Structures are given as structure tokens and as C-alpha cells.
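Just follow the structure's listing: the first ligand is 1, and inside any ligand the first atom is 1. The structure displayed is predicted, hence computed values, not measured ones.
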Amino acid sequence: MLVVGAGLAGLWTATELAWRGHDVVLADRRTRLDTTVRTTGIFVRRTLEDFDLPPEHLGPPIRRMVLYPPSHRDPVTLDSRHDEFRVGDMAALYLELAARAAVAGVRLELGTRYLGSRGDVHQLHGPGGPVEARATFVVGADGARSAVARELGLDRNRELLVGAEEVFEVPPSGRRPDTVPAFHCVLDPRLAPGYLAWVLDDGQHAHVGVAGYPDRYPHGLRDALRRFAATAPGLAGVPVPDAVERRAGPIPVGGLLRRVAGPRGLLVGDAAGAVSPLTAGGLDPCLRLSAHAADVLDRALRTGDRRELAAYDGAALRARFRGRLTMRRGLSLVRTPAVAAASVAALRTPPGRAAARRILFGHGSFPDPAPVSPKIALAAQARQV
Ligand SMILES: Cc1cc2nc3c(=O)[nH]c(=O)nc-3n(C[C@H](O)[C@H](O)[C@H](O)COP(=O)(O)OP(=O)(O)OC[C@H]3O[C@@H](n4cnc5c(N)ncnc54)[C@H](O)[C@@H]3O)c2cc1C
């Protein structure tokens, strides 16, 4: 097996396959996994319940969500009885998952770029120059603009947002004692056209970000982030250090792609469009789809029958979140501050609040592709370690 891309999707898929006894090479063009992080790293309750992520690399729980109109006045506050979100220390998480992968027997090749495939032979460019790798199947875990999807003739993401954020540590002295960890979201098409601007403060770190359709940023994403950071809600009195970590990347929001597998391999994570089209959350979908991909590949390798990959059917899964795709189209139509203000006003009504709670605290962001219990599978792995 060749898995291209050691983000969350690639690490998870490679590890699951190696535990099942397969020979797995995991290649990533990055030379280190703890640099160029491209995600805020918010894990939702459903992921925390189902997947065995190392708790020491997860921030404090967040139960409060606050939704603002463009004026930031009279926001809608939603409090949950549950711990809804935790923000991962993604650099540490990637390293921990890479260590688990190594224990499982995955061969991790960093500084190694996938170039293309001819049949079972795959061209890579590693630290020592060009190399060819022979693999029965290739897994494209190589992100939103997947080269593996192109090479295998599979579907490719067409609808992409771009997102950028600044991250900084908040010293305990820098906050008011009554501050509650919270996820603040602003609906303002001037700053986040087709999506949201956010401030997430979990009591340890603050993340300030914007995302939207790239062609709707007349002055660029950076300019919008700078303007938002100057007035971002939820950070009153919090000192912003001179040096902040900057993260940015594309987010596919067109929904899970239909053709995500062929006889030579398949796609997982962002490469497969496995992102909730409405919330733009990709970490939960990427883990669920990776677990399913490992099941399907395992069967194909054991039986020697490439037709097993037909069970990995994006079109069937996509049909199960049609509602979210419709809501994405609705969000993309919010083009003026007046419409944004009216949308937030609708969320102040009892039915609006109930709908917001269902979407933001519910379990429906991505359909469960397979009847497996990943936490059980991973707990078994942990015992073997
Ligand atoms: C700013 C931002 C904030 C976000 N915040 C959240 C959030 O808080 N919660 C959430 O659920 N989702 C969030 N998302 C979405 C989420 O981060 C992604 O859906 C998820 O990380 C996708 O993981 P992945 O493994 O599929 O892809 P990636 O993490 O993009 O990994 C792809 C890997 O492939 C490698 N690669 C690419 N091309 C090649 C090649 N040719 N050869 C070798 N290697 C290659 C890359 O180096 C990379 O390591 C956010 C996205 C952005 C951009």
C-alpha cells in the first residue's frame, strides 16, 4: 500500500492497515509533521466519543457557542449540557499519531512528494531524488487539491473556501476571571463571504480566523483577517502578542465526491471532499471515512479482488447529507450585512435556536459510512502498543 499524505486522514488509514498486517508506506512532501498546520483543530463531541485521540493533546472542553450578526450586537448564546468541542494541539497530535503508525509498522517517508502513477508503479521524489514505488493500491490522503485523484481519474473538489487564522497563547493574567471558554462565530459576508469568521478561546489559546469563497475577497483573505482581528468579539482585554502562529488552507465544501475509488486506489479526507458542507468541519468526516477505507482496502487485499473497492461509494454516502448541501447553498447566498443580520435574528426565535443547536451540537455532520466501532478498534491497537 502507498498512502500519500500524512495529515489526519493518511495517518489514520495507514495505521489501521498496518495493524491488519499490510505493508504500508506513508509518504508526505513535508519534512516535518509538526509544521505548517492548516487547521484550527476543533474536534466535535461525536469524534471525541467515537475515536481514541490522545487526551493530553486536546485542550479544555468548550460548551458555549455565541453567534453574532455583523454589528456584533445582541448575539445569540447557546450553552450545552455536554462538552461539545475540544481543540487539538495539532502539531503534537500529528507526531503522536505518527509514532502510533511507526509502532504499527508503517514506513513513513517525509520530504517525499508524489508525482504520478503508471499502473502499480508510483513516482515519488524523495530527499535523495526520484524513486519508484510498487504498490497494489494507492490511497490519496493528499488534501483538497489531490494529485492522486487526478492520476487515478477520480472526482476532484471544485467548490473550495479558503481559510486563514492567527493562533496565540493567552496567559491566565490576560483574561477576565469570569471568562467562559467559548466559540464565537460572526456571520458577516464582508469578512467571511459564504462562511463565518471565528474566535475560539478555550482558556489556553485563542484562534482568530476567517474563511470564505476566494473570488469574493476583493482585497484578499489576509486583509479580511486583519480587519476582523482588530475588532474580533470575545477577546476583550486579551493581549495579542507580536508573534502569532498563522495557519491557512483550502476547505472543500462541495460535499463528498461521488467517484472516490477505482480499481487502483481510493481517496480519503479532504481529497475525497469529506468535509461537512455547512460547518466546514473536516476532522470528524476524515476519521470516519478513513476507518471505512481501511475496511474496504483490507478486504480487497485479503481477497485479491480489486472489485471490492466498489463498496467505497461516495455517491451513496453523499445522498445521505443532501440537507447539509442545501444549507450550504443557503449560506453561500448570504451576500449582504442586512441578510446576515436577518439570519442571526431568525436564530433568536425558539425554532431558530432549536435548529442552531441541532446543527452545532448535533451528531449529523457526516454520515457513518461503516458499521465499525473505531474506538474499539483503536483501543485494541493501544493495548498492543
Ligand atoms: C483554516 C482552516 C481551519 C480548519 N479548522 C477546522 C476545525 O477546526 N475542525 C474541523 O473539523 N475541520 C477544520 N478544517 C478542515 C480540516 O482541517 C481538514 O478537513 C482536515 O485537516 C483534512 O485532513 P486531511 O488529512 O484530509 O488533509 P491534510 O491535513 O491537508 O493533509 C494532506 C497531506 O498531504 C500532503 N500532500 C499533499 N500533496 C502531496 C503530494 N503530492 N505528495 C506528498 N504529500 C502530499 C500534505 O503535505 C499534507 O500533509 C479547517 C481547515 C482550514 C483550512
Between ligand 1 and the protein, find all N/O pairs closer than 3.5 Å and give the distance for each.
unit_1	atom_1	unit_2	atom_2	d
ligand 1	5 (N)	T39	OG1	3.3
ligand 1	5 (N)	T40	N	3.2
ligand 1	5 (N)	T40	OG1	3.4
ligand 1	8 (O)	G41	N	3.3
ligand 1	8 (O)	I42	N	2.8
ligand 1	9 (N)	I42	O	3.1
ligand 1	11 (O)	G282	N	3.0
ligand 1	11 (O)	L283	N	2.9
ligand 1	12 (N)	G282	N	2.9
ligand 1	17 (O)	T39	OG1	2.8
ligand 1	19 (O)	D270	OD1	2.6
ligand 1	25 (O)	L8	N	3.2
ligand 1	25 (O)	A9	N	3.0
ligand 1	26 (O)	D270	N	2.8
ligand 1	38 (N)	R29	NH1	3.4
ligand 1	41 (N)	Y114	O	3.2
ligand 1	42 (N)	Y114	N	2.8
ligand 1	44 (N)	R29	N	3.1
ligand 1	47 (O)	D28	OD1	2.8
ligand 1	47 (O)	R29	NE	3.4
ligand 1	49 (O)	D28	OD1	3.4
ligand 1	49 (O)	D28	OD2	2.6
ligand 1	49 (O)	R30	NE	3.1
ligand 1	49 (O)	R30	NH2	3.1

Practice task
Output all residues satisfying side-chain hydrogen bond (donor to acceptor under 3.5 Å, both in side chains) with R107, sequence neighbours left out; order by chain, then residue number.
Solution key: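 By the side-chain hydrogen bond (donor to acceptor under 3.5 Å, both in side chains) rule, R107 matches D23.
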
Handout entry: Salt bridge flag under 4.0 Å for residues R113 and D142
Key =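 The answer is no: the pair does not qualify as a salt bridge.
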
Exercise for the section: Starting at CZ of F361, measure out to CZ of R45 and round the result to the nearest 0.5 Å. Expected result: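 Rounded to the nearest 0.5 Å, the CZ-CZ separation comes to 9.0 Å.
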
Problem - Ring centre gap for H184 and Y68 strictly below 6.0 Å - result: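 They qualify: ring centres under 6.0 Å apart.
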
Problem - Side chain proximity check, R63 to V180, heavy atoms < 4.5 angstrom - result: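 They are not in side-chain contact.
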
Problem - E84 and F183, any side-chain heavy atoms less than 4.5 Å apart - result: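 Contact flag for F183/E84 side chains = no.
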
